[in-house]
Amino acid sequence: MRNAPTDPVIAELVRRARSTQLTRRRLFQGIGLGAAAVGAASLAACSPSGPAYGDGSAGKLRWASWTYYLDFDEETQDFTSLNEFMEESNIEVEYFEDIDDNKMFMAKVKDQLKLGQDTGYDLFTLTDSSLIRLWEQEQLTAFDRALMPNVDDQMIELVKHSSFDPDREWSIPYQAGMTGLVYNSQLYPKGIASVSDLWHPDLKGKVSLLSEQDDTLGLIMLEQGVDITGDGWGDDEFFAALDVAEEHIKNGDVYTVKGNSYTQDLQSGAVLAGMAWSGDVAMLNEEEGEEVWKFVVPEAGATLFIDSFCLPESTAAFDQSHALIDYYYEPEVAAQVAEYVQYVTPIAGAREAMAKRNPEMAENTLVFPDEEMSARIHDMRTLTAQEDNRYAQAYQKILGN
């Protein structure tokens, strides 16, 4: 969906969720990811009274992102930092949690992108490994870094350069994180330490993999001894890893292969172990009030992902997007968001701000990796367009698509 919810059933579900103070996770389990735009601005867009925060006089911005990627107040059912931005800037923001999987989202907007038409969004937050495909097809608008002084001052070295965008003219990192393993410490206390442990008979039919091929196959390749960061691997290594995934999907070891919604299967107990994104696991435990799910950096290492802001060519909110991005590069704002999403923040001053806000989290290596942790995180080399197309088709084939 690309606009605020107009379907009366969806609108009523959102209204009920707010009135009963449901958690965000239960809200999404009830209405389905992407079914509605959730947040103060998008809900306000349904109302004739106008924006709930600020007066909207500085324009409007439609931002598409992932679930659990913005600080959310369960009590008020609002996105705190976003509301503060709208108050300060008078820019009305519609925030859509419509990205569950990079390729699925890009397929949703590809026709409009190809024709240079409005996609329904002015700003995307996509993973660099997928964002590059839009850049190659000249479907993005370059950023004006002069309009974002905080970005120049605060971007950490880990994310500062990309192989396709060395000066970050087309992509501005928003969050980074690790793809590793997870297990339910209460229902499967013996735990796991490697990808191979997922195939233990005790876990048959209780394992989840990720629909992002780079993440799933990257972890398998690391275990097979492949240096995924360099140019020394190709078809042979990819298809050897694919064979492993296919074998365990076919023989029933794997319960499901999903994008962001895999967390629901962890919560329900349908999945006891699998591949996961670091911030999701931290958030699940915070909602539970105890460490039910353990995030594991495999013995062979974890993979790094970077999710970046990008502007579709047809964006109608160029200035507004720059203002929003620069705001989220303020260290205090970044710390506020990081405290909730618990991914690696690309803002240099965020750790110092976090030390004042939440000293314990400032020492969390999943949010602020130390040297030892950083040495075990591997950034997969960028695939060529031809590789990406062939590998994606091969991966989808083993998923039955």
Side-chain angles (χ1 to χ4, degrees), residues 1-5 14 24 28 33-46 51-54 56 58-73 78-102 104-106 108-109 112-113 118-128 130-131 134 139-141 143-144 147-148 150-151 170-175 260 306-330 333-334 336-337 340-341 343 345-347:
M1 176 175 171
R2 301 179 188 132
N3 296 297
V14 173
R24 290 178 67 221
F28 280 101
L33 193 70
V38 177
S42 37
L43 289 168
C46 303
Y53 298 91
K60 184 175 179 178
L61 166 64
R62 300 162 300 171
W63 175 15
S65 192
W66 299 78
T67 320
Y68 318 122
Y69 244 23
L70 198 57
D71 52 312
F72 187 79
D73 188 318
D78 279 337
F79 296 99
T80 306
S81 64
L82 189 59
N83 294 343
E84 291 169 353
F85 170 74
M86 290 189 284
E87 286 278 15
E88 291 177 14
S89 67
N90 284 321
I91 295 172
E92 180 185 354
V93 182
E94 288 187 90
Y95 182 69
F96 299 90
E97 294 186 314
D98 280 2
I99 305 177
D100 182 57
D101 174 282
N102 283 290
M104 288 174 61
F105 179 80
M106 289 167 63
K108 174 180 174 180
V109 298
Q112 290 92 338
L113 287 170
D118 180 26
T119 63
Y121 311 104
D122 300 299
L123 185 68
F124 304 154
T125 309
L126 291 172
T127 306
D128 277 4
S130 291
L131 190 157
L134 304 185
Q139 294 175 342
L140 297 178
T141 294
F143 287 102
D144 183 348
L147 299 177
M148 301 179 293
N150 288 330
V151 173
W170 306 85
S171 58
I172 306 296
Y174 173 61
Q175 299 290 330
N260 221 209
I306 300 172
D307 291 335
S308 298
F309 292 109
C310 62
L311 292 169
E313 191 177 20
S314 62
T315 186
F318 185 85
D319 291 340
Q320 293 82 357
S321 294
H322 284 70
L324 179 118
I325 294 169
D326 202 53
Y327 167 78
Y328 278 104
Y329 263 74
E330 294 177 10
V333 177
Q336 181 175 326
V337 173
Y340 183 83
V341 304
Y343 277 103
T345 176
I347 289 80

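Note that the structure is predicted; figures quoted are calculated from it, not measured.
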Which distance, rounded to the nearest 0.5 Å, do you find between the [atom1] of [X] and the [atom2] of [Y]?
X	Y	atom1	atom2	answer
Lys108	Ile99	NZ	CD1	9.0 Å
Thr80	Tyr340	OG1	OH	9.5 Å
Ile325	Leu311	CD1	CG	6.0 Å
Lys60	Asn90	NZ	CG	15.5 Å
Met106	Leu131	CE	CG	7.5 Å
Met148	Leu324	CE	CG	11.0 Å

Would you sort out whether Asn83 and Asp73 count as a side chain to side chain contact (heavy atoms under 4.5 Å, CB included), showing the intermediate values? CA-CA 11 Å; Asn83 294 343; Asp73 188 318; over 6 Å; no
Using atom types as modelled and distance alone, determine if a side-chain donor or acceptor of [X] lies under 3.5 Å from a backbone N or O of [Y].
X	Y	answer
Asp307	Thr125	no
Asp118	Gly120	yes
Glu330	Asn150	no
Asp122	Leu61	no
Asp100	Asn260	yes
Asn102	Ser130	no

Quick check on the 6.0 Å ring-centre criterion: do [X] and [Y] meet it?
X	Y	answer
Trp63	Tyr174	yes
Phe309	Phe143	no
Tyr95	Phe72	no

Under a 3.5 Å cutoff, is there a donor and acceptor pairing between the side chains of Asp128 and Ser308? yes
Side chains of Asp71 and Ser81 only: does a donor on one sit below 3.5 Å from an acceptor on the other? yes
Quick one: closest heavy-atom pair of [X] and [Y], and the distance?
X	Y	result
Tyr328	Leu70	OH-CD1, 3.4 Å
Pro173	Pro346	O-CG, 3.6 Å
Tyr68	Glu97	N-OE2, 3.4 Å

Could you list the residues that satisfy ring-ring contact (aromatic ring centres under 6.0 Å, His included) with Tyr343, not counting sequence neighbours? Tyr69, Phe305
Run the ring-ring contact (aromatic ring centres under 6.0 Å, His included) test against Phe318 and tell me which residues pass, sequence neighbours left out.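 Here the qualifying residues are His322.
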Apply ring-ring contact (aromatic ring centres under 6.0 Å, His included) to residues Phe105 and Phe96 and explain how you reach the verdict. CA-CA 12 Å; Phe105 179 80; Phe96 299 90; over 10 Å; no
Are side-chain heavy atoms of [X] and [Y] found at a separation under 4.5 Å?
X	Y	value
Phe85	Val333	no
Gln175	Trp66	no
Asp326	Leu147	no

